[in-house]
Peer 1: 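If you scroll down you'll find the structure; I have some questions about it.
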Amino acid sequence: MAGRTAGASAARSAIAPYQSAFHFRIPLRISLMRRAIYPGSFDPVTNGHLDVVERARKLFDEVIVAVADNDEKQPLFSLRERLDLLRRTVGEIDNVRIAQFKGLLVEFAKAEKAGAVIRGLRAVSDFEFEFQMALMNRKLNAVVETIFLMPKEEYTYLSSRIVKEIARLGGDVSSFVPACVTRALNRKFNR
Ligand code: PNS
């Protein structure tokens, strides 16, 4: 009996740090709602992004698709255009919200009371950059967890950069992006 009591006490001490972190500290700082941020340039949104949104929204109460307002990347589409294309593709989904952010991602996550950042991981080539970003974000704010989701295999080779290049060179991108994005790309490249 004494052994059982000692065992239970040891088990309690072993889980105590996690209990305090997960059951008390985080819910007080983060909202009880399981909210995640899916950040990116979305220049423009592709079917691969939509696949990740669909997976993320099944795991969280709310997913905020957050478009980075970062002119350094010299996007093809303006911030307004990128937001508009996202609104027209995922804007109607119940637990998905479209937003923009400037500055540090972890600060935006904190302001939105989000406990997780979602990133799509397509191939090993993505890993190095994503790993660095996830660890740096953790250093900046240890409470926000990065979660990687793998899109369908057929989107492994798909990226906004490649879609823009194909469209610029006159190729058909209609099977890679939503219809409104195909139209927007054709307009950009005068087709
Ligand atoms: O779609 P992208 O271009 O790969 O998205 C990159 C993005 C926007 C998620 C990343 O550049 C970012 O988080 N920018 C915000 C600034 C920031 O927090 N930088 C530190 C990350 S380690």
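Whatever order the structure lists them in is the order used to number ligands and atoms, beginning at 1. Predicted, not measured: the structure shown is a model, and the values here were computed from it.
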Peer 1: Heavy-atom contacts under 4.0 Å between Gln132 and ligand 1: side chain, backbone, both, or neither?
Peer 2: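 Neither part.
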Peer 1: Report, in ascending order of atom number, the atoms of ligand 1 lying under 4.0 Å from any heavy atom of Leu104.
Peer 2: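 Those qualifying, in numeric order: 17 (C), 18 (O).
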Peer 1: Which label fits Phe101 and Phe108: parallel for a plane angle under 30°, tilted from 30 to 60°, or perpendicular past 60°?
Peer 2: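 The rings of Phe101 and Phe108 lie parallel, inter-plane angle below 30°.
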Peer 1: So, Asp84 and Arg80, do they make that salt bridge, N to O below 4.0 Å?
Peer 2: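 No, no charged N to carboxylate O under 4.0 Å.
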Peer 1: So which of Asp126, Ile37, Leu105 gets nearest to atom 17 (C) of ligand 1, if we judge by its closest heavy atom?
Peer 2: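 Answer by nearest heavy atom: Leu105.
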Peer 1: Any heavy atom of Ser160 sitting closer than 4.0 Å to ligand 1?
Peer 2: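 Distance cut 4.0 Å: Ser160 fails for ligand 1.
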Peer 1: Are any of the side-chain nitrogens in Lys188 or Glu81 under 4.0 Å away from the carboxylate oxygens of its partner?
Peer 2: yes
Peer 1: I'd like to check which ligand 1 atoms, numbered from 1 as shown, lie under 4.0 Å from a non-hydrogen atom of Met136.
Peer 2: 22 (S)
Peer 1: Is Phe101 close enough to touch ligand 1? Criterion: a residue heavy atom under 4.0 Å from a ligand atom.
Peer 2: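 True for this residue.
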Peer 1: Report the member of Gly103, Gly40, Ala68 with the shortest heavy-atom distance to atom 16 (C) of ligand 1.
Peer 2: Gly103
Peer 1: Examine distances only and state if a side-chain atom of Arg97 and a backbone atom of Ile64 form a donor-acceptor pair shorter than 3.5 Å.
Peer 2: no
Peer 1: Quick one, Leu135 and Arg138 - any side-chain contact, counting heavy atoms below 4.5 Å?
Peer 2: yes
Peer 1: Under 4.0 Å from a heavy atom of Lys73: which atoms of ligand 1 are those, numbered in the order shown and with their elements?
Peer 2: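 Those qualifying, in numeric order: 2 (P), 3 (O), 6 (C).
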Peer 1: Protein heavy-atom contact under 4.0 Å for atom 12 (C) of ligand 1?
Peer 2: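 Looking at atom 12 (C) of ligand 1, one finds that no protein heavy atom lies closer than 4.0 Å.
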Peer 1: For salt bridge (Lys or Arg N to Asp or Glu O under 4.0 Å), just list the numbers for Arg161 and Asp43, CA-CA rounded to whole Å, side-chain angles, deciding distance to a tenth of an Å, and then say yes or no.
Peer 2: CA-CA 8 Å; Arg161 187 183 60 76; Asp43 182 40; over 6 Å; no
Peer 1: Among Met133, Glu72, Arg119, which one puts a heavy atom closest to atom 5 (O) of ligand 1?
Peer 2: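 The nearest heavy atom belongs to Arg119.
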Peer 1: If I take atom CG from residue Asn137 and atom CZ from residue Arg119, how far apart are they, to the nearest 0.5 angstrom?
Peer 2: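 Output value for this atom pair is 9.5 Å.
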Peer 1: Using distance alone, decide if ligand 1 has a nitrogen or oxygen within less than 3.5 Å of any nitrogen or oxygen in Asn137.
Peer 2: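 N/O-N/O distance under 3.5 Å: no.
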Peer 1: Measure the distance from atom 2 (P) of ligand 1 to every protein heavy atom, then report the residue, atom name and distance (to 0.1 Å) of the closest one.
Peer 2: Ser41 OG, 3.6 Å
Peer 1: Any idea how Phe42 and Tyr38 line up, ring-wise: parallel (<30°), tilted (30 to 60°), or perpendicular (>60°)?
Peer 2: perpendicular
Peer 1: Looking at every non-hydrogen atom in both residues, tell me the closest pair between Arg34 and Leu59 and how far apart they are.
Peer 2: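 Heavy-atom minimum between the residues: NH1-O, 3.0 Å.
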Peer 1: So is Val106 polar-close to ligand 1, meaning N/O to N/O under 3.5 Å?
Peer 2: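 No; the residue has no nitrogen or oxygen that sits under 3.5 Å from a nitrogen or oxygen of the ligand.
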